[in-house]
Amino acid sequence: MMDTILKTTNIVKKYGNKIVLKNVSMNIRKGDIYGFIGKNGAGKTTFMRTVLSLTPIDGGEVVYYEDKKIEDIGLKVGSLIESPGLYKNATATENLKRFSILYGADEAKIPEILKIVGLSDTGNKKVKDFSLGMKQRLGIAFALLGDPELLLLDEPINGLDPEGIKEIRDVILKLNKEKNITFLISSHLLDELSKIVTRYGIINDGELIEEIDAKELHEKCKNKLVIECDNPKKAKTIIEKSVPEEDIKVKEKRVEITEKVKESGKLNKELVSAGITVNALYVSEDSLEDYFMKRIGE
Amino acid sequence: MNKLIKLQMRNLFHNKLLYVCLGLALLLYPILDFIMTKTMSSLLNIAPMKVFPEIVSFITSEPGIISVMFIAIFACLDFNEGTTKNIIARGYTRNELLISKYIVTLLGLLIIQVSVFLVFLILFASNGFGYEPDMLNKIIVGLFSIVANTLFYSTLSFVLEKNSSAILACLFVPRIFSAILSLIETKTKLSISDYWIEGILSSFLEKPTVGNMILPIILFIVYSLLFAFIGTKIMNKREIK
């Protein structure tokens with residue numbers, strides 16, 4: 001059984017009369033790379049802010065390591081929420097030195113952290129002269145200070161170029177594998193997220209509608225048998241007789257059958273026997289985006 | 001808490017703000033005074049004036065414009081830069097943050113005030129000023145008033161968070177407040193301004209004896225605690241951006 005590193009129970013947050021988090025209960029297990037997905041305004045950032053105590057909550061509970069509060073274990077939690085908070089008139093190194101004091105981090109590790117986030121060569125350049133991407137990387141460097149065990153990253157690849165995105169992805173995977181750091185990552189870039197995430201949480205209108213393991217999601221997405229043929233309407237009639245209980249759709253030159261992946265050989269044989277030319281037969285997976293859109297009902 | 005104070009100390013000493021304010025304060029007060037005194041005495045062919053009362057009044061008066069600006073900008077530094085969240089998200093409480101801010105802001109202000117005081121002393125040492133019997137009493141009570149003033153201006157700045165609005169508020173709110181007190185006094189015939197920081201200090205300076213020190217010191221401590229309490233109440237309900 002995996003240890004729970006962060007658990008929230010029925011978190012409620014209101015702004016005036018508007019409820020932005022509705023009884024959100026989330027479980028993040030040690031070693032997870034937890035992808036937190038939802039539309040703009042769904043409550044992702046507010047949720048991350050509440051677990052870090054940046055936003056007071058109106059109900060519910062946040063505990064780390066079964067029974068601890070952020071005040072007890074804050075130094076083990078690194079975060080990058082929205083835009084990074086930086087001393088703009090100081091250099092990257094000076095910024096990290098200041099927060100090393102606070103996080104009890106070893107200053108000698110600063111060059112290594114700067115190297116990890118690709119900011120080794122910034123020298124005396126002040127943060128106010130950094131590009132958006134560089135500031136984002138420095139924000140990640142802050143989060144890495146003090147050898148945290150849990151990293152909360154809110155849209156960490158915002159403003160990064162494709163190379164930067166790949167670098168950050170590699171850093172996350174490396175830290176997760178080598179140092180067993182747990183991640184909670186929110187992102188709009190679902191395809192990017194799907195390359196690293198081990199578990200998902202889907203939030204919609206302030207409600208956590210699903211928590212699902214990446215493997216399970218992968219299985220759920222593998223849900224269509226697609227048959228491309230010369231006569232899809234006739235094919236549909238034959239298939240309906242063979243698997244009457246299934247959802248069968250005709251789209252242009254192909255027929256799509258939900259959840260009959262294992263019967264592809266049998267169906268192929270029947271179609272060929274009926275004189276239909278089968279040009280292609282394959283299993284089609286929904287993308288994370290497709291699945292996400294289905295779950296939030298759009 | 002110690003780590004927070006260390007961070008704020010580094011913010012204080014690795015930032016131009018302290019040095020700019022110190023330089024301006026030295027230039028505007030003792031150095032300009034010294035030049036003016038020398039020029040006037042040579043022009044009018046009179047002996048250089050004794051400026052000792054002025055030195056004492058500097059440390060016992062309400063903070064000047066530079067000191068107020070220093071408090072406003074330094075108190076707002078982490079809010080302005082967005083670094084407050086880096087502190088709170090690592091488990092430090094809002095109260096710890098606020099107390100460390102108060103302590104280090106006070107330290108910065110004392111560095112400015114005491115430096116100016118010392119430069120006054122050095123520059124005017126040759127003018128032959130004499131020791132005033134109540135000088136120490138004035139300085140002790142003056143230091144307590146500095147603490148109360150620092151907490152007042154810092155709290156005001158915390159409430160507003162942004163440099164520009166904090167500076168404006170620190171410069172104008174006390175003036176508006178004094179005007180309101182005067183208006184109330186005129187209407188009610190009550191001398192309530194005697195119980196505000198400035199009034200307490202003025203009353204004491206009229207008779208700065210040892211016996212008269214206790215009440216102003218107690219009142220300044222009460223004011224300091226009240227401002228700190230208000231600051232923590234506001235901070236604890238606040239979203240950290």
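Each chain gets a letter, A, B and so on, in the order the sequences are listed, and its residues count up from 1.
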Notebook entry, point to check: Do NZ/NE/NH1/NH2 and the carboxylate oxygens of B:Lys241 and A:Glu82 come within less than 4.0 Å?
Noted result: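 Salt bridge flag = no for A:Glu82 with B:Lys241.
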
Please indicate whether [X] has more than 12 foreign heavy atoms, meaning atoms of other residues, nucleotides or ligands, lying under 6.0 Å from its [atom1].
X	atom1	answer
A:Asn180	CG	yes
B:Met69	CE	no
B:Phe229	CZ	no
A:Lys109	NZ	no
B:Tyr19	OH	yes
B:Tyr195	OH	no

Atom of [X], atom of [Y] and distance for their closest heavy-atom approach:
X	Y	result
A:Arg98	B:Asn11	NH1-OD1, 2.8 Å
A:Tyr103	B:Arg90	CE2-CG, 3.2 Å
A:Pro56	B:Glu239	CD-OE2, 4.4 Å
B:Lys6	A:Ile101	CB-CG2, 3.5 Å

Using a cut-off of under 4.5 Å for heavy-atom pairs, which of [options] has the most such pairs with chain B?
options	answer
A:Thr55, A:Val51, A:Leu54, A:Asp72	A:Leu54
A:Ala90, A:Gly146, A:Gly78, A:Ser79	A:Gly78
A:Lys97, A:Glu94, A:Lys69	A:Glu94

Check: So how far is it from A:Ile70 CD1 to B:Ile88 CD1, rounded to the nearest 0.5 Å?
Finding: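 Here the rounded value is 10.5 Å.
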
Item checked: Between CZ on residue A:Phe99 and CG on residue B:Asn86, distance to nearest 0.5 Å ->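 Those atoms lie 4.5 Å apart.
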
Notebook entry, point to check: What pairs with B:Phe177 under ring-ring contact (aromatic ring centres under 6.0 Å, His included), at least two apart in sequence or on another chain?
Noted result: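 Once residues adjacent in sequence are excluded, the partners of B:Phe177 under the ring-ring contact (aromatic ring centres under 6.0 Å, His included) criterion are B:Trp196.
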
Check: Contact part of B:Arg94 toward chain A, heavy-atom cut-off under 4.5 Å: side chain, backbone, both or neither?
Finding: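 B:Arg94 touches chain A through side-chain heavy atoms alone.
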
Item checked: chain A contact via B:Lys16 - which portion, at a heavy-atom distance below 4.5 Å ->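 The side chain, not the backbone.
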
Margin query: Would the distance check show the side chain of A:Arg49 and the main-chain N or O of B:Ile240 forming a donor-acceptor pair, the cut-off being under 3.5 Å?
Written below: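 Yes.
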
Margin query: Checking the side chain of B:Tyr92 only, and the main-chain atoms of A:Leu102 only, is there a donor and an acceptor separated by less than 3.5 Å?
Written below: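 Checked: pair present.
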
Margin query: Taking side chain as everything from C-beta outward and backbone as N, CA, C, O, which of these in A:Ser100 sits under 4.5 Å from a heavy atom of chain B? Side chain, backbone, both or neither.
Written below: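 Contact with chain B: none, neither part.
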
Next item on the list: Check whether A:Tyr64 gets within reach of chain B through its side chain, its backbone, both or neither, counting any heavy atom under 4.5 Å.
Entry: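 Neither part, no heavy atoms under 4.5 Å.
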
Next item on the list: Determine which residues belonging to residues 72-84 of chain B lie within contact range of chain A, meaning some heavy atom pair is under 4.5 Å apart, and list them by number or answer 'none'.
Entry: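 B:Leu77, B:Asp78, B:Asn80, B:Glu81, B:Gly82, B:Thr83, listed by number.
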
